[in-house]
Amino acid sequence: MLTIKHSERLSYRLMDDTDADLLFELDQDPAVMEHINEGKPTSRVEIDNIFIPRMMQYRNPDKGWGLWQVNTLADDEFIGWILVRPMHYFSDDRDDEDIELGWRFMQKSWGTGYATEAAKAVMMALHRQVGYQTFSAIAVAGNTGSIRIMEKLGMAYQKTDIYKDPLGDTEAVFYSATLAAN
């Protein structure tokens, strides 16, 4: 099983189907959900019947795929997660060599650098332990916070296109980075 060591201020744990309460709590803030679904909080039924089953489909502890819970080291407080899965996982274009990173964090942690620190720690652990070299991320064009994180991770803009997903296609900006081989 892949492990991610603590970074300067944060700890990491691969989430599973027992984490519905944390996922629900995070998705109740309309500001957190603004660029996901125009600010609509996720219902508990959606967490239990859609979100958790989807996460469990791509969760693979040996490859590091899933949602990595992020907690602060100072007080062990849950502040968000980092998504790891093959790019285009839920489409016919799935690419196991291009690893998608995503993130969702509590609003109270915004502006602290936590999301960048966490995404970088996860990306580097995947690179060192599994050998992944290509990492990508997507965001709606107006999500400047996520785009800044992508840029801080060394990702460069690739294109604006439709991101296909069974839950609904979205126009998004695509960013990626290729790291040197180990």
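Computation of the quantities below employed the complete heavy-atom set of this structure, encompassing side-chain atoms and omitting hydrogens, waters and symmetry-equivalent molecules. Residue numbers start at 1 and run along the sequence shown.
- Met87 and Leu101 are assigned to two separate hydrophobic clusters, defined by single-linkage of ILVMFWY side chains at heavy-atom distances under 4.5 Å.
- No side-chain donor-acceptor contact under 3.5 Å links Thr134 and Asp98.
- Using a distance-only test at 3.5 Å, with no hydrogens or angles considered, a donor-acceptor pair links the side chain of Asn143 to the main chain of Ser146.
- When side chains are defined from C-beta on, Glu100 does not count as touching His88, because their heavy atoms never get closer than 4.5 Å.
- The line from CZ of Arg128 to CG of Leu179 is 10.5 Å long, rounded to the nearest 0.5 Å.
- Between the side chain of Ser91 and the backbone N or O of Asp93 there is at least one donor-acceptor pair closer than 3.5 Å.
- Trp65 has its side chain within reach of Pro86: a pair of non-hydrogen atoms, C-beta onward, lies under 4.5 Å apart.
- Remark: the backbone N or O of Gln57 is paired with a side-chain donor or acceptor of Tyr89 at under 3.5 angstrom.
- For the pair Phe135/Met155, a side-chain contact is recorded, criterion being any heavy-atom separation below 4.5 Å from C-beta on.
- Between the side chain of His35 and the backbone N or O of Val140, no donor-acceptor pair lies under 3.5 Å.
- Around atom CG of Asp92, no more than 12 heavy atoms belonging to other residues, nucleotides or ligands sit under 6.0 Å away.
- For the residue pair Tyr12/Ser7, the side-chain donor-acceptor check at 3.5 Å is satisfied.
- Of the possible polar contacts, none joining the Glu151 side chain to the Ala156 backbone as a donor-acceptor pair under 3.5 Å is found.
- In this structure, Phe174 and Tyr163 have tilted ring planes: the angle between them lies in the 30° to 60° band.
- Under the 3.5 Å distance criterion, the side-chain polar atoms of Trp103 are left unmatched by any main-chain donor or acceptor of Ala119.
- Look at Asp165 and Arg54 and you find a salt bridge, because one of the NZ, NE, NH1 or NH2 atoms lies within 4.0 Å of a carboxylate O, short of that distance.
- In this structure a side-chain-to-backbone donor-acceptor pair under 3.5 Å is present from Gln28 to Phe24.
- With sequence neighbours left out, the side-chain contact (heavy atoms from CB on, under 4.5 Å) criterion links Ala20 to Arg44, Ile47, Asp48, Ile52.
- In this structure, CG on Leu73 lies 5.5 Å from OG on Ser11, to the nearest 0.5 angstrom.
- Placement of Phe51 and Tyr58 within a single hydrophobic cluster is found when ILVMFWY residues are connected by side-chain heavy-atom separations under 4.5 Å, directly or transitively.
- Both Met150 and Tyr114 sit in one connected hydrophobic cluster of ILVMFWY residues. Membership requires side-chain heavy atoms under 4.5 Å apart, directly or through other members.
- Salt-bridge annotation for Arg104 and Asp27: present, with a side-chain N of the basic residue lying under 4.0 Å from a carboxylate O of the acidic one.
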Glu171 and Asp161: CA distance, side-chain angles, deciding distance, side-chain contact (heavy atoms from CB on, under 4.5 Å) verdict | CA-CA 6 Å; Glu171 183 173 325; Asp161 202 352; over 6 Å; no
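- In this structure, the side chain of Arg85 does not engage the main chain of Asn60 through any donor-acceptor pair within 3.5 Å.
- There is a path of hydrophobic side-chain contacts, each under 4.5 Å, that joins Ile36 to Phe90.
- By the 4.5 Å heavy-atom criterion applied to side chains, Leu2 and Asp62 are not counted as neighbours.
- No donor-acceptor contact under 3.5 angstrom links the side chains of Glu77 and Thr72, judged on distance only.
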Derivation of the side-chain contact (heavy atoms from CB on, under 4.5 Å) call for Leu83 and Trp68 | CA-CA 6 Å; Leu83 163 94; Trp68 286 90; over 6 Å; no
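- Looking at Tyr157 and Val173, their side chains come closer than 4.5 Å, going by heavy atoms from C-beta outward.
- By the 4.5 Å heavy-atom criterion applied to side chains, Phe105 and Val70 are counted as neighbours.
- Interatomic distance, CG of Leu10 versus CD1 of Ile4, reported as 11.5 Å (0.5 Å rounding).
- With rounding to the nearest 0.5 angstrom, the CG atom of Asn71 is 7.5 Å from the CZ atom of Phe78.
- Side-chain atoms of Val32 and Met106, non-hydrogen and from C-beta on, never get closer than 4.5 Å to each other.
- The CG atom of Leu167 sits 11.0 Å away from the CG atom of Asn37 when rounded to the nearest 0.5 Å.
- The shortest distance between side-chain heavy atoms of Val84 and Leu126 falls below 4.5 Å.
- By the side-chain contact (heavy atoms from CB on, under 4.5 Å) test, Ala74 is found to be paired with no residue, residues two or more places apart in sequence or in another chain being considered.
- For Glu46, the salt bridge (charged side-chain N to carboxylate O under 4.0 Å, His left out) test picks out Lys40, with sequence neighbours left out.
- Of the possible donor and acceptor atoms, one in the side chain of Gln129 sits under 3.5 Å from a partner among the backbone N and O of Thr3.
- Note on Met33: it does not cluster hydrophobically with Ile50, by side-chain heavy-atom contacts below 4.5 Å among ILVMFWY residues.
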